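Structure record follows, encoded as structure tokens.
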Amino acid sequence: MTTRIFGSGIRRREDPRLITGGATYTDDVQLPGMLYAAILRSPHAHAKINSVDTSAAAAAPGVVAIYTGADTDGVLNPIPCAWVPPGADLVAVAHPSIAKDVARYQGDAVAVVVAEDRYQAEDALELINVDYSPLPAVTNPEAAMQPGAPQLHEDAPNNQAFHWVAEGGDTDVAFEAADVIVKDKIIQQRLIPNAMEPRSAVASWTRATGELTLWSTSQNPHICRFLASLVTGIGEHKIRVIATEVGGGFGSKIPMYADEMIASFCSMQLGLPVKWTATRSEGFLSTIHGRDHVEYVEMAATREGKITAIRTKIYAGMGAYLSTAGPGVPTILHGLIYSGAYDIGATKADVYGVFSNTTPVDAYRGAGRPEATFLVERLVDLLAVELGIDPVELRRKNLIPKFEDGHDVASGITYDSGDYEPLLNMVLGQADYQALRQEQTRLQESGHYMGIGVTCYAEICGLGPSQVAGAVGFGGGLWESAIVRFHPTGKVNVYSGISPHGQGEETTFAQIISDELGVDVDDVSIVHGDTSNTPMGWGTYGSRTTAVGAAAMVLAARKIKEKARLLAAHLLEAAEADVEYVDGHFTVKGSPDQTKSIQELATMANVAWNLPEGMEPGLEASAFYDPPNFVYPFGTHLAVVDVDADNGHIVIRRYIAGDDCGPQINPMIVEGQVHGGVVQGIGQALWEGAVYNDDGQLITGSMVDYALPRAHLLPNMEVLSTETPSPHNPLGVKGIGETGAIASTVTVYNAVIDALRPLGITSLEMPLTPEKVWRAIRQQQGS
Amino acid sequence: MFATKFDYQKASSVSEAIQLLASNPGAKIIAGGHSLLPMMKLRLTSILMLIDIGGIEEMRGISVANGILRIGALTTHAEIADSHDVKDNAGILWETAYGIGDPQVRNRGTIGGNISHADPASDLPTVLKVMDAKFTIQGTGGIMRGGSRTVSADDFFLGPFETALGENEILTTIEMPVLAANQHAEYAKMAHPATSFAVVGAGIVVTVENNICTAARVAVGGFTPIPTRGPSVEQALVGKELNEENIVAATSLIHNDLGSDVFGDVFASAEYRQAMAAIELKHAIYHATGFAHHN
Ligand SMILES: Cc1cc2nc3c(=O)[nH]c(=O)nc-3n(C[C@H](O)[C@H](O)[C@H](O)COP(=O)(O)OP(=O)(O)OC[C@H]3O[C@@H](n4cnc5c(N)ncnc54)[C@H](O)[C@@H]3O)c2cc1C
């Protein structure tokens, strides 16, 4: 092929519409006769609902209807949890769309008003009179399991949602035999995802046909349809879910939420379209949260620094109800990846899923893997200090050596391919690690605290083989499918069940197909997001969109090429074996004049005037791809920080991200994903964290108190990469959507602790606010 | 994010705005809307009528005459951050304006709105206090309609979101003496990472002759109900050489000037903010006097 567009950093075709206001988001959808819903949410974290008086609100201007839990009870089925890890005694508590008897978190829906406009709906909310009896609340997952803690669900004693243990190798033996053991308690604080676009739903029920159309801010419209069918009882064939433009998700738009089902219920009651859009404050309370672990972690090693085992006990907050994929996050996506980038003989995760009076917790960028990477990399740094070995050397000593086709780790999973050390070396070279260490010593002598954090990670993504999905209790498959269709003019549409929402895959997918079929990249359009015109797919999350979704497209494109070759042989009156494909043309070997472009063949296939005997018209193909394994990107990240001992301020001086996601389709987009992920991870290290008071009120309930990362507080990002292909998917690609967030939190955290170590500080709770740092320093100085 | 119902009127002159205020109980002025609208949308306040003063030209603009820098109340933070007159004559204000919020906030928010709102976390009240600014207020006050009065920054701020502005009054102009060559001014703030609002803000104006501080105005804000002047610090600075030892000793006295009403929140406790007041003051003086950040 002359030029390959695969690998070139062309601009994202999505951007013109996204940055000029030309995109249509769910909230932009306007339908004739549309009504507006506003949801009344419990102001209490835990309260008995004695009565709901809607009479005054019902009489307010513009109000069409008001529904409470009594109305939805028995009509809407509970919101399902779709990930039930096996052997974990999971208690699938009922999650009603509208709370009827008890509100279990601040933000639990209690009633919905439907009015002619949104302002009227909001005004009427204030007129609903709910008589609550507040109950004691608990928000910390460890505290929730202690005797005497307030209980959320009768069927879940001690607030235990599940208990999951995964051990590979014999950790007890390894810890017995260990020369050194390091331990820590880690609080993975609760995070509040904030996609730029708030969640929104437009539900339109057609009474005459019994069909529901639901525009929904979903990362996975086909799953949304499936779950909507379970909740509403409408057959899947009569539900159409449309995820039009979705303005970011980061995991928070995977779940099925009560709100979308409430909007659907309202539309079905009234026979008119109903729109609901979260306000930002509503999003803080009702959109899933992330992380929320209390962890006790330990690592065993030999005196020489060979890591032999990792063992944890984890209280993972699930919130008041189990969200769609919630239980899978601290278990399957977390406890199986404790080996990280290292050769470790035994690992054990002992995880309690815990109910608390908080917003449900589910997958948030990285989902389980940032938490796992954090504890592994934290323990490695502690071990380095304990043994007096440079943390980089300790890592190098334990890295898994290069492997091309599979490496089994203790937990039972098999990494696909990896070559970790070159990337480590590249990052150290870029940083000039030795010089940094010398500078650190020099500065320390003059009372300046500079720190260096270096972490190595390997993560699991590209979810995943469906058979494994079944085995680990995921309530669906994880394959993808695609239809690639040539139009008579030689232009191409690709229809995919995957659902990108800002990542740029309309561009990268077009690059892939352009290369596969030898057509101009601008002649390829990707269609996604609408269950009525795309084939089944499981959606965009877990960095699977390219590794799984694009793989299906490639297989379909290859089928098309094969058909086109047969047609070319027929038209050129050549033997099939003599026709070869080069760069969009099918040519008879040795006769360059005897050639047909793929566009010409597309025309002929579509008009079907002259096809070989028995060939069907049209030039399109569909393919299903179920990956044989996950993919395992890896990398090394390095941060340099300066800490001001006067006020506790942290400044990230440098950040170097070295990531290997296999062959890069579009390096610019890869870099963008790295930037975004790293920034999100830094947010957790330095600024973000949900804070509840003792009554379970969310104190950080808006952007005034919840600090998202801001550009001027971040360093220039230095992005490096190597490209180690995955052996098992047709493109060799891995995932890059989450790596940044997986690696950066602990990289920055380790750098800060490294800076403070001369002061005797070995551990701090995130986010590392200036005050926490300042207090720790003062405490050390006072002691 | 949905305000309660309100009416809207656009005023084309100061007197019209005052008249509208006086004849519509429950009405409120809107300038850039960057404080008022969020409060309305969060339903923290409910307003019957907004009187938009955004089109009143006489309330805009920056000029310098007779040693006085004059800024119309409707001037935006961005305009101040863009002004050579401000940069050359009140560099402290110029820099502070640039550190407010983010570009959207600076493009819409006005100096008059910032002051009138009197949010304890704002930067400008502290800065205008150390700059000894005077505010011109117009209203129906007294016998004469449109009667105007002048209030000094020291007297203007009465409490959180509480000022000397009367019910039907409008702040029209902010004036301050331009800095002399031997005066050094600086505002240092610990900004909240979410908003850039002041967690602790410290403003200083020092007059230095032959290396000796001959006069000082000091104030801290962000964590006290109104910007708090620091007489203990001022006294300790005057007559001293501005070296590290003297600066540290003087600024550490700020705790004597802070009342018991000191704010804290989940991001930064009251105790921490008090301690930071001295640190930020120190930074401000270091910067102002070129005693650069060498520690
Ligand atoms: C995200 C964000 C970040 C911010 N960060 C900072 C920061 O870092 N530092 C900082 O100092 N500020 C900050 N602010 C506040 C911002 O500076 C103020 O919102 C702005 O200056 C207010 O001016 P305005 O013109 O928008 O006032 P408006 O919102 O229009 O009005 C505010 C109040 O003042 C009254 N008012 C307005 N003008 C007059 C007048 N001429 N006479 C009498 N009354 C009047 C109004 O009636 C209203 O009560 C931030 C705001 C936001 C939203």
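Values in this document were obtained by computation on a predicted structure and should not be read as measured data. Below, chain A is the first sequence line, B the second, and so on; all start at residue 1.
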Q. So which part of B:A191 gets closer than 4.5 Å to some heavy atom of chain A, the side chain, the backbone, both or neither?
A. neither
Q. Quick one: does A:D705's side chain get under 4.5 Å of B:F267's, heavy atoms only?
A. no
Q) Do you know the tightest heavy-atom contact between B:A194 and A:Y706? A) CB-O, 4.0 Å
Q. Taking the side chain from B:Y272 and the backbone from A:N647, do they hold a donor-acceptor pair closer than 3.5 Å?
A. yes
Q.
Once side chain to side chain contact (heavy atoms under 4.5 Å, CB included) is applied, do any residues pair with A:L714, and if so which ones, sequence neighbours excluded?
A. A:V679, A:I682, A:W687, A:P709
Q) Checking heavy atoms, do the side chain of A:E126, its backbone, both or neither come under 4.5 Å from chain B? A) side chain
Q. Should A:P770 and B:M276 count as side-chain neighbours, where that means a heavy-atom distance under 4.5 Å?
A. no
(Q) Counting only non-hydrogen atoms closer than 4.5 Å, does A:P767 touch chain B with its backbone (N, CA, C, O), its side chain (CB onward), both, or neither? (A) neither
Q) Between atom CD1 of B:I279 and atom CG of A:D644, what is the distance when rounded to the nearest 0.5 Å? A) 8.0 Å
Q | Under 4.5 Å from a heavy atom of chain B, the part of A:S702 involved | A | neither
**Q.** Best-contacting candidate, B:K5, B:R273, B:E271, against chain A by heavy atom pairs under 4.5 angstrom
**A.** B:E271
Q.
Looking at A:E122 and B:K41, is any side-chain nitrogen of the basic one under 4.0 Å from a carboxylate oxygen of the acidic one?
A. no
Q) So does A:R775 have more than 12 non-hydrogen atoms from other groups sitting under 6.0 Å from CZ? A) yes
(Q) Contact between A:D123 and B:R43 at the side-chain level, heavy atoms closer than 4.5 Å - yes or no? (A) yes
Q. Among residues 91-105 of chain B, which residues come closer than 4.5 Å to chain A, judged by heavy atom distances?
A. B:G101, B:D102
Q.
Can you confirm whether more than 12 heavy atoms, excluding those of B:K28, are under 6.0 Å from its NZ atom?
A. no
Q. When you measure from the side chain of A:R280 to the backbone N and O of B:M1, does any donor-acceptor pair fall under 3.5 Å?
A. no
**Q.** Under 3.5 Å: donor-acceptor pair, side chain of A:E771, backbone of B:S269
**A.** yes
Q. Taking NZ, NE, NH1 and NH2 as the nitrogens, is one of them in A:D646 or B:K282 under 4.0 Å from a carboxylate oxygen of the other?
A. yes
